[in-house]
Peer 1: 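Have a look at the structure that comes next, please.
Protein chains get the first letters and strands the later ones, always in sequence-line order, with residue 1 at the start of each. Heavy-atom basis, side chains included; hydrogens, waters and symmetry copies ignored.
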Amino acid sequence: MPELPEVETVRRGLQPAMEGARVLTVEQRRPDLRFPFPAGFAGRLKDRTVTALGRRAKYLLMHLEDDSVLICHLGMSGSFRVEAGEDEALPGAFHHTRSKDGKHDHVIFHLSGETGPPLRVIYNDPRRFGFMLLTKAEDLDAHPLLAGLGVEPTGNALDGRLLARLLAGRRAPLKAALMDQRVVAGLGNIYACEALWRAKLSPRRTAATLAARDGGETARSARLAEAIRTVIADAIAAGGSSLRDYMQTDGTLGYFQHTFSVYDREGVPCRTAGCEGTVQRIVQGGRSTFYCPACQR
DNA sequence: ACTACTCCCTGCCAGC
DNA sequence: TGCTGGCAGGGAGTAG
């Protein structure tokens, strides 16, 4: 499910169950996901207390009391769910629709409840593009997967000036540049499309055209920075997008997908007031792009 | 330092 | 009904 808003929704869903809880055991049901699990994976987590759950871009960061950090990426199809431990009943915690039988449940964290009964946090990932790695907290920022990441679209750092600077000189189509995690960290296919629609910019435009000749801010770069920040904020507020019945950690659905203006809406009329255009699907870099050729220029 | 393309894997759905 | 091809929220690796 996971672009930034979905990962943030997962983080918020897991936080009350995990922060302050102790890892009793970890069941690792296969040797690898996208990458092999770290050597001694389960043993290195056992008996540790989870001190904090963080996020950077699309990475979930599980901080442990020994200053190690579990880096989790959900890939295309990874999800977490929380269930009652062993025979305990947990009101309201129904199962992920795609794992009623436990299929593709690859990792199960057995946790002591901080105050209440024990819990299980279960990682499910049919396509196995996700992964889990361990590092030390002091090495986190320098970790090869995190070191090159661009600006977070939450908060105030992303503005027209910074975005123009990041895109200056890039010959790639604007949409492809937005998908590059070294530019804006956490944007994926849905929110790149939606932000471009909000900013009325064509995904086919050369990225560099958003910067002034000296690399400075333009009206377009300011508009796009604003659009990115608001679409991400709106999506987080909606609990992310739930495609193909994907669920949050407690089994509820995000609802941002009902707000899509262009994503997966090929052939429907553009939502822009007064626009007569029709949403079109094109392929860029092997991924579908949805946009309105009439009002996105 | 860019860009473009392939590949990893399973599940689902439209079209035959 | 059953098969097939295409597509899916990501990104690492490689070649140019």
Peer 1: Can you tell me if A/R161 has over 12 outside heavy atoms packed within less than 6.0 Å of its CZ?
Peer 2: no
Peer 1: For atom CG of A/D214, decide whether the heavy atoms of other residues, nucleotides or ligands shown that lie under 6.0 angstrom number more than 12.
Peer 2: yes
Peer 1: A/S288 side chain N/O closer than 4.0 Å to the phosphate oxygens (OP1, OP2) of C/dA8?
Peer 2: yes
Peer 1: Roughly how many Å is it from NZ in A/K175 to P in B/dT3, rounded to a whole number?
Peer 2: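 Taking NZ of A/K175 and P of B/dT3, I get 15 Å after rounding.
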Peer 1: Heavy atoms under 4.0 Å is the rule here; annotate nucleotides 10-16 of chain C 5' to 3' with B where the base is hit, S where only the sugar-phosphate is, and - elsewhere.
Peer 2: BBB----
Peer 1: Could you tell me how far apart A/E8 (CD) and C/dG9 (C1') are, to the nearest whole angstrom?
Peer 2: 17 Å
Peer 1: What is the separation between atom CG on A/L243 and atom C1' on B/dC12, rounded to the nearest whole Å?
Peer 2: 13 Å
Peer 1: Is it the case that atom CZ in A/R55 sees more than 12 heavy atoms from other parts of the structure closer than 6.0 Å?
Peer 2: yes
Peer 1: What is the distance, rounded to the nearest whole Å, between atom CZ of A/R30 and atom C1' of B/dC8?
Peer 2: 12 Å
Peer 1: Does A/R220 CZ have over 12 foreign heavy atoms under 6.0 Å away?
Peer 2: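 No, the 6.0 Å shell around CZ holds no more than 12 heavy atoms from other groups.
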Peer 1: Verify the neighbour count for atom CD of A/E138: are there more than 12 heavy atoms of other residues, nucleotides or ligands below 6.0 Å?
Peer 2: yes
Peer 1: For C/dG9, give the paired nucleotide (Watson-Crick: N1-N3 plus N6-O4 or O6-N4; G-U: N1-O2 and O6-N3; both under 3.5 Å), or none.
Peer 2: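 Its partner is none (no Watson-Crick or G-U wobble pair with both distances under 3.5 Å).
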Peer 1: Check this for me: A/R165, atom CZ, are more than 12 non-hydrogen atoms of other residues, nucleotides or ligands nearer than 6.0 Å?
Peer 2: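 It does not: A/R165 CZ has 12 such atoms or fewer within range.
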Peer 1: What are the residues of residues 199-210 of chain A, sorted by number, that bring a heavy atom to within less than 4.0 Å of DNA chain C?
Peer 2: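 Within this stretch, nothing sits under 4.0 Å of the strand.
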Peer 1: Taking the inter-plane angle between the rings of A/F256 and A/Y191 on a 0 to 90° scale, is it parallel (under 30°), tilted (30 to 60°) or perpendicular (over 60°)?
Peer 2: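 Answer is tilted, since the angle falls between 30° and 60°.
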Peer 1: CG of A/L178 versus C1' of C/dG9: gap in Å, rounded?
Peer 2: 16 Å
Peer 1: How close or far is atom P of B/dT10 from atom NZ of A/K103, stated in whole angstroms?
Peer 2: 9 Å
Peer 1: We want to know whether A/R281 and A/S288 form a side-chain donor-acceptor pair, criterion being a heavy-atom distance below 3.5 angstrom.
Peer 2: yes
Peer 1: What distance, rounded to whole Å, do you find between the two P atoms, one in C/dC7 and one in B/dC5?
Peer 2: 15 Å
Peer 1: Both A/R171 and A/G285 contact DNA chain B. Which one's nearest nucleotide lies toward the 5' end?
Peer 2: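 The residue mapped nearer the 5' terminus is A/R171.
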Peer 1: So, is A/Y263 near the phosphate of C/dG9, with a side-chain N or O under 4.0 Å from OP1 or OP2?
Peer 2: yes
Peer 1: Give a yes/no answer on whether the side chain of A/H104 brings an N or O atom under 4.0 Å of OP1 or OP2 in B/dC9.
Peer 2: no
Peer 1: Please write out which residues are connected to A/I282 in a hydrophobic cluster, directly or through intermediates, given that two of Ile, Leu, Val, Met, Phe, Trp, Tyr count as joined at side-chain heavy-atom separations below 4.5 angstrom.
Peer 2: A/Y291
Peer 1: Counting Watson-Crick and G-U wobble pairs only, both distances under 3.5 Å, name the nucleotide matched with B/dC9, or none.
Peer 2: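 Check on B/dC9: unpaired, no WC or wobble geometry under 3.5 Å.
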